[in-house]
There are 2 protein chains.
Amino acid sequence: MTATEEPKRRRGRPPSGGREAILAAALEILREQGIANLTSREVAARAGVSDASVYYHFGDRAGLIQAVFAHAMSPLELMAGLEDLDLEPAELIRRSFAALTEFFIKALPVIGAAQTDPELRASMAAYIDQNNLGPHKGVERLGGYLRAQQAAGRVRADLDPDAFALVVIDSAFAAAARRVMLGHKLELLPSSEAVLAEITRLL
Amino acid sequence: MTATEEPKRRRGRPPSGGREAILAAALEILREQGIANLTSREVAARAGVSDASVYYHFGDRAGLIQAVFAHAMSPLELMAGLEDLDLEPAELIRRSFAALTEFFIKALPVIGAAQTDPELRASMAAYIDQNNLGPHKGVERLGGYLRAQQAAGRVRADLDPDAFALVVIDSAFAAAARRVMLGHKLELLPSSEAVLAEITRLL
DNA sequence: GTCTATAGGTTGATAGAC
DNA sequence: GTCTATCAACCTATAGAC
């Protein structure tokens, strides 16, 4: 009996596959309770499977955590298709900023969790490198777009496209980090809109 | 006998007080190996004291970790006296950026470690709030300086001082986070000098 | 593929002598 | 204040039945 009478006790739809359920449960625990509480027991209980099932699917704890990394970062088509919309440069920057912030809010707890252990950090850095997820990719993309706009005369000619791109990315990163780490006690800070209004003056 | 024959087996000067030795050892372990490996046993071994001594001084593990937070963040006189030097605004921004980056590099492993557990995160957020260490303090300070410079006509009058201050702080934060989290694989990114050159155009 | 049961190890924390 | 000794709890991982 897998669990036909027990309603799997999670809020979302109960994924039929045990492996998926474990991954989803692990990601939830990681985000809500931190990696310190990401034990095989907790994961198994929340996923509605047994403890041993976790080890059957992922080998060991490190394997599970790595799988969670991949699972959390893969649905990442950042800024996809934005360039094709022929938007005002300032508007494209705003939308990119929003997409980046959303991505970082999801990814940060996972990235941060990897910092708790040297092995995990190395494994995570390797993963980011392998899958071309590092910040240079964003700089490349946004910077490339800005260079094209410069060629078209829609952006100030002596703007440093890569430096500007990095400023946008870093602002989104920091905004996400504040929300994740300090909770919601940020009313005293300038809004993202105000920050973007200031940044986009550089264009 | 505290430890006159045993040379305390750490590299720095051997602090006579056991409490200080424990704090120093804990901070080292936290930075080098992450909070997951911050056990009472490891700390005691590195500090050259016994396991129970840790509990005598700090009550429990959470107490030790909180003490480490305070110990790691207290020597923080950020941007102190910079305003008095009567520098060019752009130069003051550069120096503030450097000071902020240095601070974040030291503080980030500690702040990040607190994210691994909800209780620790709450306790850390409370500590930051209590000791007025949040980002709004930096915004207040840098923003206030910029307002004064605006009044003196040395900075563009329609600059949003707080938004600009936040951009500077966020760039420093992100630069520090990259160095801490991704190691030293950042040659492809624009330098901080290039970023600052771009940002300070807004002044 | 999923379960129960358990071995084996590590940790947080306490008791009590010195 | 510091130590040794120890406990109870928890965790990872495996073995073997279904």
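Bear in mind the structure is a predicted one, so any value in this text is a computation, not a measurement. Order of the sequence lines fixes the chain letters, A, B, ..., with proteins taken first and strands second; residue numbering starts at 1 for each chain.
Residues of residues 111-118 of chain A that place a heavy atom closer than 4.0 Å to DNA chain C do not occur. Within residues 55-62 of chain B, the residues approaching DNA chain D are B/Tyr56, B/His57, by heavy-atom distance under 4.0 Å.
Among residue pairs with one or both ends in residues 119-131 of chain B, those qualifying as side chain to side chain donor-acceptor pair (under 3.5 Å) are B/Gln66-B/Ser123; sequence neighbours excluded. Judged as a side chain to side chain donor-acceptor pair (under 3.5 Å), the pairs with a partner in residues 160-175 of chain B (not counting sequence neighbours) are, in order, A/Arg178-B/Asp170, B/Arg147-B/Asp162. Evaluation of the salt bridge (charged side-chain N to carboxylate O under 4.0 Å, His left out) test over residues 192-203 of chain B, restricted to residues two or more places apart or in two chains, returns A/Arg156-B/Glu198, A/Asp158-B/Arg201, B/Glu198-B/Arg201.
Comparing atom distances between the B/Asp51 side chain and each of C/dA13, D/dT12, C/dT11 picks out C/dA13 as nearest. Residue B/Ser53 has its side chain nearest to D/dT2 when only C/dA13, D/dT2, D/dC11 are considered.
A/Gln33 places its CD atom 15 Å from the C1' atom of D/dC10, with the value rounded to the nearest Å. Put simply, CD on A/Glu42 is 12 Å from C1' on D/dC10, counting in whole angstrom units. Atom CD1 in B/Ile29 sits about 11 Å away from atom P in C/dT11, given to the nearest Å. A/Asn37 places its CG atom 15 Å from the C1' atom of C/dG12, with the value rounded to the nearest Å.
Partners of A/Arg154 according to the side-chain contact (heavy atoms from CB on, under 4.5 Å) rule, which considers only residues two or more places apart in sequence or in another chain, are A/Asp86, A/Pro89, A/Gln149, A/Ala152. With sequence neighbours left out, B/Glu140 forms a salt bridge (charged side-chain N to carboxylate O under 4.0 Å, His left out) with no residue at all. For B/Asp117, there are no salt bridge (charged side-chain N to carboxylate O under 4.0 Å, His left out) partners at least two apart in sequence or on another chain. A search for side-chain contact (heavy atoms from CB on, under 4.5 Å) contacts involving A/Ala113 returns A/Leu30, A/Ile35, not counting sequence neighbours. Residues that satisfy the side-chain contact (heavy atoms from CB on, under 4.5 Å) test with A/Ala67, not counting sequence neighbours, are A/Leu23, A/Phe58. With sequence neighbours left out, the side-chain contact (heavy atoms from CB on, under 4.5 Å) criterion links B/Asp60 to B/Ala62.
For A/Arg95 and A/Glu91, the salt-bridge test passes: some basic side-chain N is under 4.0 Å from an acidic carboxylate O.
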Collect all protein-nucleotide pairs involving nucleotides 16-18 of chain C in which both atoms are nitrogen or oxygen and the distance is under 3.5 Å.
none

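Between A/Arg41 and A/Ser50, the residue whose closest nucleotide on DNA chain C is further toward the 5' end is A/Ser50.
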**Message:** Evaluate B/Leu108 against B/Phe173 for side chain to side chain contact (heavy atoms under 4.5 Å, CB included), listing each step before the verdict.
**Reply:** CA-CA 9 Å; B/Leu108 253 171; B/Phe173 176 79; 4.1 Å; yes
